[in-house]
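Accompanying notes for the structure given below.
Chain letters run A, B, ... following the sequence lines, proteins first, then strands; residues in each count from 1.
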Protein chains: 2
Amino acid sequence: MTQIDTKTRLLDAAECLFSQQGFAGTSMREITTVAKANLAAANYHFGCKEDLLSAVLERRLLPLNQARNARIEQVLTEAAEANMRPKTEDLLRAFIEPAMAFCNAGHNSNAFVAIIGRSLTAADPAVRDRFLDLVRPLLTTLHQALCLALPQLPRELVLTRLFFTIGALGHCLCFSSITPLCEPNSSDTHKHRETLTQDLITFVTSGLESPC
Amino acid sequence: MTQIDTKTRLLDAAECLFSQQGFAGTSMREITTVAKANLAAANYHFGCKEDLLSAVLERRLLPLNQARNARIEQVLTEAAEANMRPKTEDLLRAFIEPAMAFCNAGHNSNAFVAIIGRSLTAADPAVRDRFLDLVRPLLTTLHQALCLALPQLPRELVLTRLFFTIGALGHCLCFSSITPLCEPNSSDTHKHRETLTQDLITFVTSGLESPC
DNA sequence: GCCTATTTAAAACGATCGTTTTAATTGTGT
DNA sequence: ACACAATTAAAACGATCGTTTTAAATAGGC
């Protein structure tokens with residue numbers, strides 16, 4: 001068998017269609033058609049549509065958040081060894097860069113980032129809750145780390161500003177998928193994405209470090 | 001007839017349901033049931049579901065954006081009279097405050113803000129395009145005004161940072177509807193919303209004014 | 001009174017939805 | 001070879017969808 005796993009093809013198709021049309025706007029028949037698989041195969045592998053969504057989210061989000069978590073821990077460790085406070089910008093970079101880099105990670109993960117960007121504020125509670133369960137631990141870690149970097153600020157204010165940061169990031173992830181900024185896969189796109197990432201980090205770092 | 005217009009009841013119901021379940025996740029039958037109207041009445045007044053969405057958007061967004069536009073013009077006029085540059089914070093306040101204040105504007109407009117927050121990055125192009133057409137002029141005006149306030153920054157960077165600002169604002173609008181921060185209509189809610197608004201303005205002002 | 005616009009009731013249109021079932025067929029490991 | 005998991009094909013399940021139609025009833029303006 002030279003072609004990809006049916007299960008993987010289903011995940012790829014679901015990811016692509018969910019990102020373009022949303023969860024409610026995508027049918028199981030569309031997914032199986034794009035995946036060139038049988039309609040029954042989807043339910044056979046994933047049970048129901050909502051569990052397919054969970055599988056789509058988990059496949060990318062678990063490793064992504066693991067990478068972000070590792071980078072945050074690294075920033076904290078290096079700061080502790082130097083007997084200094086971690087820098088706000090370093091923490092935010094550890095949180096943002098892996099997500100934005102996902103756009104260029106090959107496969108069709110650039111479709112996935114739009115799902116991330118939208119899931120947090122999704123109207124459908126089924127989407128929102130399944131997503132929130134996957135990111136809550138990371139956000140808690142990041143919040144605590146940011147409080148170390150910004151001891152002069154009330155913890156509650158840091159959390160509020162972290163919310164703003166997430167909003168800005170999510171908006172970026174959505175738009176870089178909706179509106180391909182240049183021709184896809186061109187070096188221009190790469191460069192622009194890197195610029196955009198740095199612009200975002202600069203923006204939210206200033207926002208978070210703003211005096212109380 | 002002591003009760004409200006059928007047309008208005010349909011708009012209210014659609015607004016409420018769209019904000020809670022999204023456009024694709026809400027059926028015409030749900031809307032007419034909540035509105036205590038006949039199913040045929042919805043199509044009679046609005047034609048089709050998409051045009052109903054447009055009507056829902058326009059009812060609140062036109063006056064809201066008109067108010068924001070007037071406040072931006074006022075900031076520009078006062079700055080011109082004083083022979084000074086407009087302040088970034090004043091412009092951002094003119095843009096943000098009316099939207100956030102909408103949460104407490106009575107009727108059920110607090111449901112509407114979630115629609116605003118989500119529409120910009122909606123998966124469904126029908127939703128996104130109809131929304132974008134209603135806000136594009138305002139965003140153009142705001143961008144130009146911000147360039148006057150930040151002449152040291154490239155216009156393109158100002159636009160990028162305005163995108164981040166919109167993302168943070170949209171995220172706020174969504175969450176203040178999803179998670180009622182306190183008991184609704186309590187003075188606590190009012191106070192918290194005002195605090196949140198000021199926190200957001202402080203955050204994005206710092207972000208926009210960050211050195212290049 | 002008459003005209004027109006609203007609104008209701010009820011039913012039907014064809015279409016699509018998520019899911020399940022049944023049967024036959026492939027592939028893989030042992 | 002046998003067993004078991006994966007996959008296909010095709011059909012059907014009941015349900016819901018957006019929209020239209022037909023008919024009757026209700027209101028308000030002139």
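- Taking 4.5 Å as the limit, every side-chain heavy atom of Phe164(B) sits out of range of all side-chain heavy atoms of Leu169(A).
- Here Lys36(B) lies in heavy-atom contact (under 4.0 Å) with sugar-phosphate atoms only.
- Looking only at distances, a side-chain donor or acceptor of Thr32(A) sits under 3.5 Å from a matching main-chain atom of Arg29(A).
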Audit row: Asp12(B), Arg59(B), salt bridge (charged side-chain N to carboxylate O under 4.0 Å, His left out) steps and yes/no: CA-CA 10 Å; Asp12(B) 288 341; Arg59(B) 178 173 65 148; 3.0 Å; yes
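- Side-chain proximity of His45(B) to dA5(D), dT6(C), dT8(C): nearest is dT6(C).
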Nucleic acid footprint by protein, nucleotides 15-22 of chain C - heavy-atom cut-off 4.0 Å, B for base, S for sugar-phosphate alone: --BBBBB-
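- In terms of phosphate contacts, Thr6(B) brings no side-chain nitrogen or oxygen within less than 4.0 Å of OP1 or OP2 of dT6(C).
- For the pair Arg118(B) (side chain) and Cys174(B) (backbone), a donor-acceptor distance under 3.5 Å is absent.
- Residue Tyr44(B) places no side-chain N or O under 4.0 Å from the OP1 or OP2 atom of dT7(C).
- In this structure, the side chain to side chain donor-acceptor pair (under 3.5 Å) partners of Asp51(A), at least two apart in sequence or on a different chain, are Arg130(A).
- In this structure, CZ of Arg9(A) is placed 14 Å from P of dA6(D), rounded to the nearest angstrom.
- By the neighbour-count criterion of 12 heavy atoms within 6.0 Å, atom CD of Gln198(A) is densely surrounded, having more than that number from other residues, nucleotides or ligands.
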